Structures are given as structure tokens and as C-alpha cells.
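First comes the structure, then the notes that go with it.
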Amino acid sequence: MEQQETNPQIEQHAATASAEPAAASTAEVMPSLEELLKEAERKGQEHYDAWMYAKAEGENIRRRAVEDVSKAQKFAVERFSNEMLAVKDSLEAGLAVETATVESFKSGMELTLKQLSSVFEKFNISEINPVGEKFDAHKHQAISMIDSDQPANTVVSVMQKGYALNDRVLRPALVLVAKAK
């Protein structure tokens, strides 16, 4: 009979022991509010730091882009300028000649013009000389209309050549246009 009495005690003790680990494991799974708060603050700080890094990186990229555009604008004509210096040197050398004749001046001017035309060709600067073409307000600027045997709105005469850079008009040609009959 004594065994029967010990059995309920053992069963009661076993029931209490099995209930304790379940409660202990539940307590371990659920962290305290303080721990949850610390973890949330840590994650919040990580996200804030990542956001600040991304913001700073974006500002650096924007600043570098502004600097690059500024440098590109500032030095865009450097190659062209270097080529034009040779033309200027030729003009100055022509003026420095002491015993110049009309023929030597003309020869020097022709060579300098050839040099200038070479620079223009190298940098895709083309002349707009529209004699005989139909008037185009995008490429030509009409100074006057004159009576002519040519069809109406045809360029009769060019007062000043125009120029285009890569097919973009730098300066329109100043032209005289035929009147309608």
C-alpha cells in the first residue's frame, strides 16, 4: 500500500516537473519588453545609419555630377581653341612682315583662310551658302525681296554666309529672296 501512496506523489511530482519546463520554455521564447525595445532601437539605428549613408552618397553623386558638367562646359572648346591659336599666329606673322607686297599679303591671307577652313572642317563647322535654293527660315534670314527671273521664295543672293555646327545653325545666312511675280 505504501507503493500506492508513493505513486501519487511521484505522479504529482512528475506533473509539477513537466509543467515547470513548459513554463520555463515559454518564458525563454517570449523576451521581455525591455529586450524587445532594445532590439527595435538597434534595428531603427541600423536603418537610420543606412538611410544617412544613402543620403550622403546621393549628395556626393549630385555634387560630382555638377562639377563634371561645370568642367565640361568650361573646357569644351579647349581643342577648338588650340586649333584657332595656329590661325591667329598665321595672321600675326603676316602682319609682322616688313616689306610686304599686295601679292604676299594675298598669298598669306589665302593660306590662313585655308588653315581656318581646315579647322572648321575638323570640328564639323560647315558653311551655309544657299544661292539658288528655296528660302528656309531655319537656315536663312531674308534681308529683302527683289525682282528676279527665279521662282518666288528662291535665294537670289547671299549677303553673308551662314554657318552650322553638326547640322545645327550657328548663324543663319543673310539673303536676298526673289519676289513672287
Side-chain angles (χ1 to χ4, degrees), residues 5-93 111-130 133-143 153 155 158-175:
E5 283 180 18
T6 56
N7 282 344
Q9 285 178 349
I10 293 174
E11 287 176 13
Q12 187 180 24
H13 182 53
T16 307
S18 64
E20 283 176 13
S25 66
T26 305
E28 287 176 20
V29 172
M30 288 297 292
S32 70
L33 290 177
E34 193 173 297
E35 290 172 346
L36 287 173
L37 179 62
K38 284 181 183 177
E39 180 65 20
E41 285 175 345
R42 187 188 60 76
K43 284 183 180 179
Q45 187 63 42
E46 283 178 12
H47 290 296
Y48 178 78
D49 291 345
W51 174 76
M52 288 299 288
Y53 177 81
K55 182 180 175 184
E57 188 64 25
E59 286 295 317
N60 288 339
I61 290 170
R62 186 194 59 76
R63 183 184 43 77
R64 273 188 244 119
V66 166
E67 287 175 7
D68 289 347
V69 167
S70 174
K71 285 180 184 175
Q73 288 173 340
K74 188 174 181 180
F75 299 111
V77 296
E78 184 175 11
R79 285 184 45 230
F80 181 73
S81 299
N82 285 332
E83 295 290 330
M84 291 302 294
L85 290 176
V87 175
K88 183 179 185 290
D89 292 341
S90 294
L91 287 170
E92 288 174 345
L111 288 173
T112 304
L113 180 59
K114 192 174 185 180
Q115 191 177 25
L116 182 62
S117 295
S118 171
V119 171
F120 279 13
E121 186 177 312
K122 187 175 185 176
F123 289 95
N124 297 320
I125 298 173
S126 58
E127 285 184 357
I128 300 173
N129 191 2
E133 294 179 11
K134 193 81 171 159
F135 177 76
D136 181 357
H138 298 290
K139 295 180 182 178
H140 315 136
Q141 182 177 349
I143 295 174
N153 292 327
V155 175
V158 176
M159 303 304 289
Q160 184 181 53
K161 293 178 188 175
Y163 290 91
L165 173 63
N166 294 320
D167 298 325
R168 181 178 172 186
V169 176
L170 291 173
R171 179 179 81 189
L174 299 178
V175 298

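What you see is a predicted model; the values in this text were computed from it and never measured. Starting from 1, each residue takes its place in the sequence as its number.
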Could you pull out all residues at least two apart from [X] that satisfy side chain to side chain contact (heavy atoms under 4.5 Å, CB included)?
X: D136; value: H138, K139, H140
X: Q73; value: V69
X: L113; value: S117

Salt bridge (charged side-chain N to carboxylate O under 4.0 Å, His left out) partners of [range], not counting sequence neighbours, each pair once:
range: residues 163-172; answer: none
range: residues 36-45; answer: E34-K38, E39-R42, R42-E46
range: residues 50-63; answer: E59-R62, R63-E67

inquiry  = For a quick test of reading the model, state the closest non-hydrogen atom pair linking I128 to A173 and the distance between them.
reply    =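 Looking at all heavy atoms of both residues, the shortest contact is O-CB, 3.6 Å.
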
task = Please report the shortest heavy-atom distance between F135 and V155, naming the atom on each side.
result =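 Smallest heavy-atom distance, with atoms named: CA-CG2, 4.2 Å.
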
Test side-chain hydrogen bond (donor to acceptor under 3.5 Å, both in side chains) applied to [X] - qualifying residues, sequence neighbours left out:
X: T112; value: none
X: E35; value: none
X: E127; value: K161

inquiry  = Is it true that, when you exclude L33 itself, more than 12 heavy atoms of the residues, nucleotides or ligands shown sit nearer than 6.0 Å to its CG?
reply    =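 Result for CG/L33: open.
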
Donor-acceptor list for residues 76-88 side chains, cut-off 3.5 Å, not counting sequence neighbours:
{"from": "S81", "atom 1": "OG", "to": "V77", "atom 2": "O", "distance (Å)": "2.7"}
{"from": "N82", "atom 1": "ND2", "to": "E78", "atom 2": "O", "distance (Å)": "3.4"}
{"from": "E83", "atom 1": "OE2", "to": "K122", "atom 2": "NZ", "distance (Å)": "2.8"}
{"from": "K88", "atom 1": "NZ", "to": "E92", "atom 2": "OE2", "distance (Å)": "2.2"}

ask   = Is there a side-chain contact between L116 and F120 (heavy atoms, below 4.5 Å)?
value =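 Yes. Closest side-chain heavy atoms under 4.5 Å.
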
CE on M159 to CG on L174, rounded to 0.5 Å =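 Answer for the CG-CE pair, L174 versus M159, is 8.0 Å.
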
